[in-house]
Peer 1: 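Here it is: the structure, laid out below.
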Amino acid sequence: MEIITEKRDDRQLLILTHLSQLLDLITGVGGFVVPLIIWLTQKDRVHGIDEQGKQIINFQISIFIYAILSIPLIFLFGLGVLVLIAIGIVAFIFPIINAIKASQGEPTYYPFTIEFLK
């Protein structure tokens, strides 16, 4: 017997999911692990969590790849340092912007994201 439950609206959880990415500043990996856990456990229960969770995970993976690719650029005139600074700014600003958008029920967007999860 299959139990069918309706999805609920929970903007606070959406906001928390976006802002939890900032845990990278404290723990280093919490900004990936916490949104992943929220997305996996709530994607069938909360409206918008599946789509926005995928965006967040794709963004986190993309940021990690860009950071790794910028390391060799450090040896090329220090260009990698500028790229790392830009990555840090984008990784700090866009979770905040998208948390505000999620609180207002607007669609969210993360730039420079490679779509791994569709």
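When reading the values below, keep in mind they use all heavy atoms of this one structure, side chains included, and skip hydrogens, waters and symmetry mates.
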Peer 1: Please report the closest heavy-atom contact between Ile15 and Ser103, naming both atoms and the distance.
Peer 2: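 For Ile15 and Ser103, the tightest heavy-atom pair comes out as CD1-CB, 3.2 Å.
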Peer 1: Any donor and acceptor pair, going by atom type alone, linking the side chain of Arg8 with main-chain N or O of Val46 inside 3.5 Å?
Peer 2: no
Peer 1: For the hydrophobic clusters of this structure (ILVMFWY residues joined by side-chain heavy atoms under 4.5 Å, transitively), does one cluster hold both Ile93 and Leu19?
Peer 2: yes
Peer 1: Would you say Asn58's side chain and Phe116's backbone share a donor-acceptor pair under 3.5 angstrom?
Peer 2: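 Such a contact is found between Asn58 side chain and Phe116 backbone.
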Peer 1: Do Ile96 and Leu22 have side chains that approach each other closer than 4.5 Å (heavy atoms only, starting at C-beta)?
Peer 2: yes
Peer 1: Taking C-beta and beyond as the side chain, do Leu69 and Phe64 meet within less than 4.5 Å on heavy atoms?
Peer 2: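 Sidechains of Phe64 and Leu69: no contact.
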Peer 1: Please name the pair of heavy atoms, one in Ser70 and one in Leu84, separated by the smallest distance, quoted to 0.1 Å.
Peer 2: OG-CD2, 3.1 Å
Peer 1: For residues Gln55 and Thr113, determine if any side-chain heavy atom of one lies less than 4.5 Å from a side-chain heavy atom of the other.
Peer 2: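 Side chain of Gln55 against side chain of Thr113, heavy atoms only: no contact under 4.5 Å found.
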Peer 1: Side chains of Ile49 and Leu14: does their closest heavy-atom pair fall under 4.5 Å?
Peer 2: yes
Peer 1: Would a hydrophobic clustering, with Ile, Leu, Val, Met, Phe, Trp and Tyr connected at side-chain separations under 4.5 Å, put Phe112 with Ile65?
Peer 2: yes
Peer 1: Please verify the inter-ring angle class for Tyr110 with Phe94; under 30° counts as parallel, over 60° as perpendicular, anything in between as tilted.
Peer 2: tilted
Peer 1: Find out if a path of hydrophobic residues (ILVMFWY) with successive side-chain heavy-atom gaps under 4.5 Å connects Ile100 to Ile89.
Peer 2: yes
Peer 1: So which pairs with a foot in residues 37-49 pass side chain to side chain donor-acceptor pair (under 3.5 Å), sequence neighbours left out?
Peer 2: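 Checked against side chain to side chain donor-acceptor pair (under 3.5 Å) - neighbours excluded - the pairs reaching residues 37-49 are Trp39-Asp50.
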Peer 1: Report yes if some heavy atom in the side chain of Phe32 is under 4.5 Å from a heavy atom in the side chain of Ile61; otherwise report no.
Peer 2: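 A side-chain contact under 4.5 Å exists here.
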Peer 1: Any donor-acceptor pair under 3.5 Å linking the side chain of Gln21 with the backbone of Pro35?
Peer 2: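 Not a single qualifying donor-acceptor pair exists.
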Peer 1: What distance do Ile37 atom CD1 and Leu40 atom CG have between them, rounded to the nearest 0.5 Å?
Peer 2: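 Going from CD1 on Ile37 over to CG on Leu40, the span is 8.0 Å.
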Peer 1: Do Leu13 and Ile38 pass the side chain to side chain contact (heavy atoms under 4.5 Å, CB included) test, and can you show the C-alpha distance, the side-chain angles, and the key distance before you say yes or no?
Peer 2: CA-CA 8 Å; Leu13 186 62; Ile38 293 171; 3.9 Å; yes
Peer 1: Is there a path of hydrophobic side-chain contacts, each under 4.5 Å between heavy atoms of I, L, V, M, F, W or Y residues, that connects Ile68 with Ile74?
Peer 2: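 The answer is no; the residues belong to distinct hydrophobic clusters.
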Peer 1: Which residue in the set Asp24, Leu16, Leu23 passes side-chain contact (heavy atoms from CB on, under 4.5 Å) when paired with Val34?
Peer 2: Leu23
Peer 1: Looking only at heavy atoms, what is the nearest atom pair of Pro111 and Val90, with distance?
Peer 2: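 In this case the closest contact between Pro111 and Val90 is CG-CG1, 4.5 Å.
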Peer 1: Same hydrophobic cluster for Leu79 and Ile71, using side-chain heavy-atom links shorter than 4.5 Å among ILVMFWY?
Peer 2: no
Peer 1: Does Ile56 reach the side chain of His18, with side-chain heavy atoms less than 4.5 Å apart?
Peer 2: yes
Peer 1: On a heavy-atom basis, which atom in Gln52 and which in Ala102 lie closest, and how many Å separate them?
Peer 2: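 It is OE1-CB, 3.8 Å.
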Peer 1: Answer whether the closest heavy-atom distance between the side chains of Tyr66 and Ile114 falls below 4.5 Å.
Peer 2: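 The answer is yes, as the side chains (C-beta and beyond) meet within the 4.5 Å cut-off.
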